[in-house]
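Side chains are part of it too, since the values below use all heavy atoms of this structure and drop only hydrogens, waters and symmetry mates. Just so it is clear, the structure is predicted and the values come from calculations on it, not from any experiment.
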Amino acid sequence: MDTRTRTGKAASGILAGSFPAFVLLQGSLYAAYGTESPFLPSFLGERGLTPGEIGIALAVGTLMRLAAGPVAGHLADRYDATRGVLGIAAAAAGLISFAYLAGSGFWPLLAVSVLHAGAIAALAPLADALALAAAEREGTFSYGWVRGAGSAAFVLGTLASGLLVARAGLASIIVSSGVLFLVMAVAAARVPPAPARERLPRPGLGGIRELLALRPFRQMLLVAALVIGSHALNDGFAVIRWREAGIGPGAISLLWSEAVAAEVLVFVFAGPWLLARLGTARAAMLAAGVGALRWSVMASTASVPALAAIQPLHGLTFALLHLAAMRLIARQVPERVAATAQTLYGTLGLGVASALLTAIGGVLYGRLGPGAFWAMAVLCLVALPVAAGLRPDRG
């Protein structure tokens, strides 16, 4: 069989499988996030909230997501209904979004914010759980392709939100994100369910205890918390650092776009290739080592050529590590607690760590300025031996 024939069969396998449905699922999810997140604080301000009240509403929403995510994951595992829980949550997120339009003042909008946060808490983890299972089962596509499509959709959603606000006002982002969440609910019904499980997790905290008893899972949680969590300082203060150094908005936009483009490229192309050759442990070590390099440069200089050289490293420090975590979950976590594992990874490995390091990073940046990035480099170095201790991949 020649190369052209094999390529044609691979392409037809992708189109005949669940890949298009997962692209729609992840695309609608991250497009909704990209449309809503940049302008939601401004929308709340337009509806009468003070800056302090906006901060409270967003913080309480974060706490709600951290609490609701593992609960949704456990329910999905307990009743073997990952796709059903995902569809219900996406539909609820869409409908609750429209309630923002009827709200005005602190308490009504706080209530909507909390409900909305609870609905969206497990959307990404449960979508990941289904995509991982299908990618492993079908063998016609890589999870990274699906997640890369989500990252690209986030960028498109962010760009579209600016155009929408300019033409139709801030309320337009609420309408568009609500519609996209409803599209996601429809897409959830189109993706295949996870295979039926012979034994379901025990009720209560049994599934969580079972996961936390797995050493590789605990290690990956810690590596993700340290390395991906270290991005919190960059997300919150990189632009401030660059503007203080006299870098203009156009250059800042290009630098930020470099990182996003690298993320998509690693998810779709380089990441699966690297994982196949390095395995989970060495891929995680590479992400941690590159993270230490990236934050060291950020601490040392604001030279545009130097920044342009390190921005593409985001593809390794975030996307490659995320792919490594997904591979470990797919291959080392029992299927009966797969959804719970995804929500714990999103909550403990990413959410709590990012929230804490954002708060700590603000204090450090206030005292040390750019020197605060040295602390993030140290976190990545601490992650190196933990990543090295991950056991070899199991087929």
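Annotation: side chain of Arg294 is in contact with side chain of Asn234 (closest heavy-atom distance under 4.5 Å). Side-chain contact check for Val352 versus Leu66: some heavy-atom pair is nearer than 4.5 Å. Proximity of Arg137 to Pro192: side-chain heavy atoms (C-beta onward) are separated by under 4.5 Å at one or more points. Proximity of Phe181 to Leu123: side-chain heavy atoms (C-beta onward) are separated by under 4.5 Å at one or more points. Between Thr343 and Val71, every side-chain heavy-atom pair lies at or beyond the 4.5 Å cut-off. Here the side chains of Arg336 and Glu210 are in contact, with some heavy-atom distance below 4.5 Å. Residues Leu278 and Leu286 meet the side-chain proximity criterion, which asks for heavy atoms closer than 4.5 Å. Contact of the Phe43 side chain with the Glu36 side chain is not registered, since no non-hydrogen atoms from C-beta on lie closer than 4.5 Å.
Remark: the backbone N or O of Leu109 is not paired with any side-chain donor or acceptor of Ser113 at under 3.5 angstrom. Within the 3.5 Å criterion, the main-chain N or O of Gly118 finds no donor-acceptor partner in the side chain of Arg65.
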message = Would Gln332 and Leu214 count as a side chain to side chain contact (heavy atoms under 4.5 Å, CB included) here? Give the steps.
response = CA-CA 9 Å; Gln332 305 234 8; Leu214 294 173; over 6 Å; no
task = Could you check Thr158 against Thr35 for side chain to side chain contact (heavy atoms under 4.5 Å, CB included), going step by step and ending with a plain yes or no?
result = CA-CA 5 Å; Thr158 302; Thr35 301; over 6 Å; no
inquiry  = Determine whether Phe106 and Thr50 satisfy the following criterion, side chain to side chain contact (heavy atoms under 4.5 Å, CB included), listing intermediate values before the conclusion.
reply    = CA-CA 9 Å; Phe106 176 66; Thr50 66; over 6 Å; no
task = Begin with the C-alpha distance, continue with both residues' side-chain angles, and end with the deciding distance and a verdict on side chain to side chain contact (heavy atoms under 4.5 Å, CB included) for Thr280 and Met220.
result = CA-CA 10 Å; Thr280 302; Met220 183 54 80; 3.8 Å; yes
request  = Quick one: do Ser354 and His231 satisfy side-chain hydrogen bond (donor to acceptor under 3.5 Å, both in side chains)? Show the steps, please.
outcome  = CA-CA 8 Å; Ser354 295; His231 289 68; over 6 Å; no
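Aromatic rings of Phe19 and Phe22 (six-membered ring for Trp) have centroids beyond the 6.0 Å cut-off, not under it. A distance of 6.0 Å or more separates the ring centres of His116 and Phe98. Ring centroid separation for the pair Phe237 and Tyr365 comes in under the 6.0 Å cut-off.
Among all heavy-atom pairs drawn from Glu263 and Ser151, the shortest one is OE2-OG, 2.6 Å. Nearest heavy-atom pair, Ser176 versus Leu164, reported as atom, atom and distance to 0.1 Å: OG-CD1, 3.7 Å. Closest approach of Ala281 to Ala387, counting heavy atoms only: CB-O, 3.6 Å. The two residues Ala131 and Val146 come nearest to each other via the heavy atoms CB-CG1, 4.4 Å. Across all their heavy atoms, Leu49 and Ala57 have their closest contact at CD2-CB, 4.4 Å. Taking each heavy atom of Ala302 and Leu307 in turn, the nearest pair found is O-CD1, 3.8 Å.
Using a 30° and 60° split on the angle between ring planes, Trp256 and Trp242 fall in the perpendicular class, above 60°. Relative ring orientation between His314 and Phe318 is described as parallel, the plane-to-plane angle staying below 30° on a 0-90° scale split at 30° and 60°.
Annotation: the span from Tyr345 atom OH to Leu221 atom CG amounts to 9.0 Å, rounded to 0.5 Å. Between the CG atom of Leu233 and the CH2 atom of Trp374 there is a distance of 13.5 Å, given to the nearest 0.5 Å. Separation of atoms OG1 (Thr347) and CD (Gln342) is listed at 11.0 Å; rounding is to 0.5 Å. Rounding to the nearest 0.5 Å gives a distance of 9.5 Å between CG of Leu313 and CD of Glu258. Once rounded to the nearest 0.5 Å, the distance linking CZ of Arg167 with OG of Ser172 reads 11.0 Å. Rounding to the nearest 0.5 Å places OG1 of Thr358 at 7.0 Å from CG of Asp235.
Hydrophobic clustering, with ILVMFWY side chains joined whenever heavy atoms are under 4.5 angstrom apart, keeps Leu163 apart from Leu40. Residues Leu381 and Val297 are members of separate hydrophobic clusters, defined by side-chain heavy-atom contacts under 4.5 angstrom among Ile, Leu, Val, Met, Phe, Trp and Tyr. Residues Leu356 and Val223 share a single hydrophobic cluster, defined by chaining ILVMFWY side chains whose heavy atoms lie under 4.5 Å apart. If you chain together hydrophobic residues whose side chains sit under 4.5 Å apart, Ile120 and Phe39 never meet in one group. When hydrophobic clusters are built by joining Ile, Leu, Val, Met, Phe, Trp and Tyr residues whose side-chain heavy atoms come closer than 4.5 Å, directly or via intermediates, Tyr100 is not grouped with Tyr33.
A donor atom on one side chain and an acceptor atom on the other are found under 3.5 Å apart for Ser18 and Glu138. Side-chain atoms of Asp128 and Tyr143 form a donor-acceptor pair, as typed in the model, at a separation below 3.5 Å. Side-chain N/O atoms of Tyr79 and His74 include no donor and acceptor closer than 3.5 Å. Side-chain polar atoms of Ser104 and Arg47 form no donor-acceptor pair below 3.5 angstrom. The closest side-chain donor-acceptor pair between Trp295 and Ser230 falls under 3.5 angstrom.
Counting non-hydrogen atoms of other residues, nucleotides and ligands closer than 6.0 Å to CZ of Phe269 gives a total of 12 or fewer. More than 12 heavy-atom neighbours from other residues, nucleotides or ligands sit within 6.0 angstrom of CZ on Arg218. Around CZ of Arg367, the count of heavy atoms belonging to other residues, nucleotides or ligands within 6.0 Å does not exceed 12.
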